[in-house]
Amino acid sequence: MVQSPDPERARGVFGITVAAELVGTGVQNLRAYEARGLVEPVRTEGGTRRYSAEDVDRLRRITALLDAGLNLAGIAMVMDLQDENDRLRRAGPG
DNA sequence: CTTCTGACA
DNA sequence: TGTCAGGA
């Protein structure tokens, strides 16, 4: 049994560098998205961002929206609506 | 790894 | 406007 030698592994978190590689962009862009509120990675004591699998998936959505012709401001709106829509759906259909 | 600034398409 | 590059 792999008892996760590292507690971080069980959480499935990625450093900003690996997250950038996964989404196919640079660490500077990921930081730009966070500045726009597109993603909110957890911050460690050292101040380093820790991107979870969910965050990486969201980053991919951001790149897809950018390709769609949306800008960071527009993407932020889409992400907010999607988050609220998913929240309402999870809260209860009725 | 973080933050900021400069330049380019 | 968004991305890339360099420096502290």
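Side chains are part of it too, since the values below use all heavy atoms of this structure and drop only hydrogens, waters and symmetry mates. Within every chain, numbering begins at 1; the chains are lettered A, B, ... in the order of the sequence lines, protein sequences first and strands thereafter.
For the atom pair A/M79 CE and A/L65 CG, the distance stands at 7.5 Å (nearest 0.5 Å). To the nearest 0.5 Å, atom CD of residue A/E40 and atom CZ of residue A/R58 are 8.5 Å apart. Note that CZ of A/F14 is 10.0 Å distant from CG of A/D55, once rounded to the nearest 0.5 Å.
You'll find the side chain of A/L81 stays beyond 4.5 Å of the side chain of A/N85, heavy atoms only. Residues A/V23 and A/N29 form no side-chain contact, since every pair of their non-hydrogen atoms from C-beta on lies 4.5 Å or further apart. Contact annotation: the side chain of A/Y51 never approaches that of A/T17 to less than 4.5 Å [non-hydrogen atoms, C-beta and beyond].
In terms of the salt bridge (Lys or Arg N to Asp or Glu O under 4.0 Å) criterion, residue partners of A/R49 (sequence neighbours excluded) are, by chain and number, A/E34. In this view, A/D67 satisfies the side-chain hydrogen bond (donor to acceptor under 3.5 Å, both in side chains) rule with no residue, not counting sequence neighbours.
In the hydrophobic clustering of ILVMFWY residues, with side-chain heavy atoms under 4.5 Å counting as a link, A/V18 and A/L30 come out together.
Using a 4.0 Å cutoff to heavy atoms of chain A, the contacted part of DNA chain B runs 5' to 3' from B/dC1 to B/dC4.
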What does the B/S/- profile of nucleotides 3-8 of chain C look like, 5' to 3', with a 4.0 Å heavy-atom cutoff to protein? SSBB--
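In secondary-structure terms, DNA chain C builds stems of at least 3 consecutive Watson-Crick or G-U pairs, each pair having both distances under 3.5 Å, at B:4-9 with C:1-6.
Using a 4.0 Å heavy-atom criterion, one finds that A/R31 contacts the bases of the nucleic acid, with or without backbone contacts as well.
Screening residues 69-88 of chain A for salt bridge (Lys or Arg N to Asp or Glu O under 4.0 Å), with sequence neighbours left out, gives A/D86-A/R90.
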